[in-house]
Amino acid sequence: DSKDPASPSPNLPGGQLEAAFSPDGTQMVLVRWQAPDSNADMYISKWNGRIWSRPALLKSLNTKSNERGPAFSRDGRYLYFSSDREGGTGGYDLYVASSDNKGWKVQSLGPDINSPDDEGGPSVSSDDNRLYFSSNRSGAREEDIFVAERIPPGDEKQELPSFHEAKAVKHLNSKEHDVQAALTRRGEHVFLASDRDSRGSRGYGVYFSRVVDGKSLKPEKVDLYIKD
């Protein structure tokens, strides 16, 4: 398209929803749509030390449905995301993918993670051994944050990670919507978005759970909020 910028840039026309950066800072996965009524797809852009490349469509990961919420593992080997594609367990399910010289491999995280409802917002712990996400599954109060422990690889080479059954993180959740857990690189300090204290049109607030002596505390509100 002649209207695109002459120099490579991730800021192409269309809507940007989310962006995730690889641990080494050289790759960025974007979620975009080309028109308001089109599906959301993932694109990848690479940093060459000076500029970001134009986002390239991740054709082998995208479908005719929506792909959202990309998140790299801390070792950079895997990409987690959610999709409402055909063949899933319910609405939006969580998937994991890895790439090599032959291309991308992708698989569902299965029924221990996914439910007949929606799962989204994946985020991994600093050691890659725990996966946090949000879900509106049966038993959740509106939307809750869940965590699953990674299953250690067996004797045979495990190409993609798998996890034990997910459990609600009770001390992070409230009676309202609790979503988008994000973990800091040092320790297990957790940020999340919640409308637990919303008044009028204030929408979602940002909360921070501190880890003291190995125990995470009740989330505290910080001086930021996301207006719905």
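We count residues from 1, following the sequence as given. A quick note: this is a predicted structure, and the numbers were derived from the prediction, not measured. The analysis underlying the following values was restricted to heavy atoms, covering all of them including side chains, and did not include hydrogens, waters or symmetry mates.
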Problem - Presence of salt bridge, Arg137 and Glu119, under 4.0 angstrom - result: yes

Handout entry: Arg74 and Leu183, any side-chain heavy atoms less than 4.5 Å apart
Key = yes

Problem - Interatomic distance, Leu30 atom CG to Asp41 atom CG [nearest 0.5 angstrom] - result: 12.0 Å

Handout entry: Closest approach of Tyr80 to Val96 (non-hydrogen atoms, all atoms of both residues)
Key = CE2-CG2, 3.5 Å

Problem - All side chain to side chain contact (heavy atoms under 4.5 Å, CB included) counterparts of Ala40, not counting sequence neighbours - result: Leu17, Val31, Asn66, Arg68

Handout entry: Separation between CG of Asn39 and CH2 of Trp33, rounded to the nearest 0.5 Å
Key = 11.5 Å

Practice task
Check whether any side-chain N or O of Ser134 sits under 3.5 Å from a backbone N or O of Asp144 as a donor-acceptor pair, and report yes or no.
Solution key: no

Fill in the blank from the handout: For Gly121 and Gln180, the nearest pair of non-hydrogen atoms, with its separation, is CA-NE2, 3.9 Å

Practice task
Measure the spacing between OG of Ser38 and CZ of Arg32 and express it to the nearest 0.5 Å.
Solution key: 9.5 Å

Exercise for the section: Look only at the side chain of Asp112 and the backbone of His164, and say whether a donor-acceptor pair between them is shorter than 3.5 Å. Expected result: no

Problem - Straight-line distance of Tyr43 OH to Lys59 NZ, nearest 0.5 Å - result: 10.0 Å

Exercise for the section: Sequence neighbours left out, what passes side chain to side chain contact (heavy atoms under 4.5 Å, CB included) with Ala168? Give chain and number order. Expected result: Phe146, Asn173

Handout entry: Residues Leu79, Leu61; criterion side chain to side chain contact (heavy atoms under 4.5 Å, CB included); working and verdict
Key = CA-CA 10 Å; Leu79 180 70; Leu61 296 185; 4.1 Å; yes

Problem - Shortest non-hydrogen contact from Thr63 toward Glu67 - result: OG1-OE2, 2.7 Å

Exercise for the section: Over all heavy atoms of both residues, which pair between Tyr207 and Pro219 is shortest? Give the atoms and the distance, please. Expected result: CB-CB, 3.9 Å

Handout entry: Residue pair Leu131, Leu109: steps toward the side chain to side chain contact (heavy atoms under 4.5 Å, CB included) verdict
Key = CA-CA 11 Å; Leu131 175 70; Leu109 288 180; 3.6 Å; yes

Fill in the blank from the handout: Val124 and Phe72 have their tightest heavy-atom pair at CG2-O, 3.8 Å

Completion exercise
d(Asn62 CG, Trp104 CH2) to nearest 0.5 Å is 10.5 Å

Exercise for the section: Among residues two or more places apart or on two chains, list those pairs meeting side-chain hydrogen bond (donor to acceptor under 3.5 Å, both in side chains) that have a residue in residues 88-103. Expected result: none

Handout entry: Atom of Tyr204, atom of Glu143 and distance for their closest heavy-atom approach
Key = OH-OE1, 4.4 Å

Problem - Heavy-atom donor-acceptor pair, Asp178 side chain to Ser194 backbone, under 3.5 Å - result: no

Problem - Distance, nearest 0.5 Å, that separates CZ of Arg150 from OG of Ser162 - result: 8.0 Å

Exercise for the section: Please work out whether the ring planes of Trp47 and Trp52 are parallel, tilted or perpendicular, with thresholds of 30° and 60°. Expected result: tilted

Handout entry: Any side-chain donor near an acceptor of the partner, Asn129 and Ser125, under 3.5 Å
Key = no

